[in-house]
Novice: 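Following this message is one structure expressed as structure tokens.
Within every chain, numbering begins at 1; the chains are lettered A, B, ... in the order of the sequence lines, protein sequences first and strands thereafter. The analysis underlying the following values was restricted to heavy atoms, covering all of them including side chains, and did not include hydrogens, waters or symmetry mates.
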Amino acid sequence: MRIRLGYVAISLSLPQGSPNKTTTLFNLNKIENKVDQLSKLSRLARENLATQLRVLCYNVAHNIEMFRITSHLIPLATHPITRGWDYCEEFREELFAIGDIVKKHSLRISAHPDHFTILNSPVDSVVEAAIADLHYHDKLFDAMGLGAVAKLVLHVGGVYKDKPQSLRRFVAAFHQLPDGLRERIIIENDDKSYAAEEVLALCQEIKAPMVLDVHHHNCCNVGTGLFTLLPAIFATWGTTIPKIHFSSPKCGKNIRAHADYINIDEFVAFLAVAKECNQDFDVMIEAKQKDLALFALMKELQKIPKARIINEAAIEY
DNA sequence: TCGTGTCAAGATCTT
DNA sequence: AAGATCTTGACACGA
């Protein structure tokens, strides 16, 4: 089976490799007039988009075909202070150029709206904000010319002392999304509330692909092993190559935190389980050392007899 | 120049 | 019922 690796948002190999530049409301409000405020945001966004393009070029040069785009390309895009700002129009060319390189090299691009984006909250305003945030991501992908292949990873959300009810709220909100946006959504098991088995059942019900996070599964599960779950998780992807998330726990007391690098033994142990599915898949490496961790893992994989190196970011196992 | 407190956003645990 | 904590990268300020 062929396994490709990707990494998240920032390149640590490249100088100025972070497309995350932002500002805070507090500092923005020190600027007196609206026009100057917007021009500051505009400048940051332009820098981020230029950095993003550079990072993708670097990825192409290193055979990294999978990448998660930061949610912060356009700073404060969904905050009321920027209401009316047509950033897709302002940065039409920049966004198009990003989409162009993605399409030209068949890159697999996703984004992961952060943990404030919660579709299943009982509070209407929270759900409205979540939907607005999803639209922001959707608009950017549209402006890049990327269809439903560009996915948005979501968690189920909170439990609110009633998991079945909270799952129903997720389903209801999900079904109310516009088609184009709904087709982008893929759902990940989390490290505290919704275990892989529960997210799998949800994904089967609403016919959305499930992203297995192996680390989260180790933090939060209901006793079912991956050996049992993996075939059904992969099946939620249909004919698309499944994608999983992989990270290693930071050693010490906080097991849920991400380590700098990937533990090769844990990774190979997972490969052994996945081997039974005989299915190609992609792995998003979620390590604090970003692309450096990806390359470090590839270097370790070279020593594994069963792993055949295809290129700088892919193996056959 | 370096270290540190702070940041739009929610949920949940602790007091 | 209110406050602390979670978690994260980056900014901006002050030492």
Novice: Measure from NZ on A:K290 to P on C:dT8 and round the result to the nearest Å.
Specialist: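 To the nearest whole Å, that distance equals 9 Å.
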Novice: Between P on C:dT8 and NE2 on A:H72, what's the gap in Å once rounded to a whole number?
Specialist: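 Taking atom P of C:dT8 as the reference, NE2 of A:H72 is at 12 Å.
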Novice: Reading DNA chain B 5' to 3', how would its secondary structure be written in dot-bracket notation, given Watson-Crick and G-U pairs with both distances under 3.5 Å, brackets [ ] for crossing pairs and | for partners on other strands?
Specialist: |||||||..||||||
Novice: Can you list the residues that meet the salt bridge (charged side-chain N to carboxylate O under 4.0 Å, His left out) rule with A:R2, with sequence neighbours excluded?
Specialist: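 Salt bridge (charged side-chain N to carboxylate O under 4.0 Å, His left out) check on A:R2 returns nothing, list empty.
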Novice: Side-chain donor-acceptor pair under 3.5 Å between A:K21 and A:T51, yes or no?
Specialist: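 A:T51 and A:K21 do not have a side-chain donor-acceptor pair below 3.5 Å.
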Novice: Rounded to whole angstrom, note down the P distance from B:dT14 over to C:dT7.
Specialist: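 Roughly 14 Å separates the two P atoms.
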Novice: Can you tell me, in whole Å, how much space there is between the P of C:dA1 and that of B:dA9?
Specialist: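 Per the computed distance, 22 Å lies between those P atoms.
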Novice: Can you tell me which residue pairs pass the salt bridge (charged side-chain N to carboxylate O under 4.0 Å, His left out) test with a partner in residues 153-170 of chain A, sequence neighbours excluded?
Specialist: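 Pairs touching residues 153-170 of chain A that pass the test: A:K163-A:E198.
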Novice: Report the distance from atom CD1 of A:I74 to atom OG1 of A:T82, rounding to the nearest 0.5 Å.
Specialist: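 It comes to 10.0 Å.
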Novice: When you measure from the side chain of A:Q289 to the backbone N and O of A:D260, does any donor-acceptor pair fall under 3.5 Å?
Specialist: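 Here the side-chain-to-backbone pair does not exist.
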Novice: Check side chain to side chain donor-acceptor pair (under 3.5 Å) between A:N27 and all other residues, then give those that pass, not counting sequence neighbours.
Specialist: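 A:N27: side chain to side chain donor-acceptor pair (under 3.5 Å) contacts with A:T24, A:K30.
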Novice: Distance only, no hydrogens: is a donor on one side chain within 3.5 Å (strictly under) of an acceptor on the other, for A:T117 and A:D133?
Specialist: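 Side-chain D/A pair, A:T117 to A:D133: present.
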Novice: Return the set of residues passing side chain to side chain donor-acceptor pair (under 3.5 Å) with A:N33 (not counting sequence neighbours), or none when no residue passes.
Specialist: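 Testing A:N33 for side chain to side chain donor-acceptor pair (under 3.5 Å), a comparison that skips the adjacent residues, returns A:D36.
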Novice: How would you list, by chain and number, every residue that makes a side chain to side chain donor-acceptor pair (under 3.5 Å) with A:N59, sequence neighbours excluded?
Specialist: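 By the side chain to side chain donor-acceptor pair (under 3.5 Å) rule, A:N59 matches A:Y7.
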Novice: Grab the NE2-P distance between A:H112 and C:dG9 for me, whole Å please.
Specialist: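 Interatomic distance, NE2 of A:H112 to P of C:dG9: 13 Å.
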Novice: Once salt bridge (charged side-chain N to carboxylate O under 4.0 Å, His left out) is applied, do any residues pair with A:E90, and if so which ones, sequence neighbours excluded?
Specialist: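 Counting only residues at least two positions away or on another chain, A:E90 forms no salt bridge (charged side-chain N to carboxylate O under 4.0 Å, His left out).
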Novice: Using a 4.0 Å cut-off on heavy atoms, which residues in residues 73-90 of chain A reach DNA chain B? List them by number, or say none.
Specialist: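 The stretch gives A:L76, A:T78, A:H79 as the residues lying under 4.0 Å from the strand, ordered by number.
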Novice: Judged by atom type as modelled, is there a donor-acceptor pair below 3.5 Å linking the side chain of A:R184 to the main-chain atoms of A:L152?
Specialist: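 Checking the backbone N and O of A:L152 against the side chain of A:R184, no donor-acceptor pair under 3.5 Å is found.
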Novice: If the P atom of B:dC2 is compared with that of C:dT8, how far apart are they to the nearest Å?
Specialist: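 Looking at atom P only, B:dC2 and C:dT8 are 25 Å apart.
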Novice: Can you give the donor-acceptor pairs under 3.5 Å from side chains of residues 299-306 of chain A to other protein atoms, not counting sequence neighbours?
Specialist:
none

Novice: In this structure, how many angstroms lie between the C1' atom of C:dT7 and the NE2 atom of A:H155, rounded?
Specialist: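 My rounded result for the distance is 12 Å.
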Novice: Starting at CG of A:N20, measure out to OG1 of A:T70 and round the result to the nearest 0.5 Å.
Specialist: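 Nearest 0.5 Å value for the CG-OG1 distance: 3.5 Å.
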Novice: Output all residues satisfying side chain to side chain contact (heavy atoms under 4.5 Å, CB included) with A:N218, sequence neighbours left out; order by chain, then residue number.
Specialist: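 Here the qualifying residues are A:V214.
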Novice: Let me know, please, whether A:D191 or A:L44 comes out on the 5' side of the other along DNA chain C by nearest nucleotide.
Specialist: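 The residue closer to the strand's 5' end, by nearest nucleotide, is A:D191.
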Novice: Rounding to an integer number of Å, can you tell me how far A:F26 CZ sits from C:dA10 C1'?
Specialist: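 A:F26 atom CZ is separated from C:dA10 atom C1' by 16 Å.
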Novice: Can you give me the first and the last nucleotide of DNA chain B (5' to 3') that has an atom within less than 4.0 angstrom of a non-hydrogen atom in chain A?
Specialist: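 Nucleotide range with atoms under 4.0 Å of chain A: B:dC7 to B:dT12.
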Novice: With sugar-phosphate meaning primed atoms plus P, OP1 and OP2, does A:V123 contact a base, only sugar-phosphate, or nothing at under 4.0 Å between heavy atoms?
Specialist: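 If one applies the 4.0 Å heavy-atom cut-off, A:V123 turns out to touch nothing in the nucleic acid.
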Novice: Between C:dC13 and B:dA8, how many Å separate the two P atoms, rounded to a whole number?
Specialist: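 Their P atoms lie roughly 13 Å apart.
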Novice: In whole Å, what is the span from the NZ atom of A:K21 to the C1' atom of C:dG9?
Specialist: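 In whole Å, C:dG9 C1' lies 12 Å from A:K21 NZ.
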Novice: Categorize A:S121 for me: base, sugar-phosphate, or nothing, with a 4.0 angstrom heavy-atom threshold over every strand shown.
Specialist: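 Sugar-phosphate, no base atom in range.
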Novice: Which is true for A:K192 with a 4.0 Å heavy-atom rule: it touches a base, it touches only sugar-phosphate, or it touches nothing?
Specialist: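 It contacts nothing in the nucleic acid.
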Novice: Tabulated below should be each protein N or O lying under 3.5 Å from an N or O of nucleotides 12-15 of chain C; please produce it.
Specialist:
| residue | atom | partner | partner atom | Å |
| --- | --- | --- | --- | --- |
| C:dA12 | OP1 | A:T23 | OG1 | 3.4 |
| C:dA12 | OP1 | A:K40 | NZ | 2.7 |
| C:dC13 | OP1 | A:K30 | NZ | 2.5 |

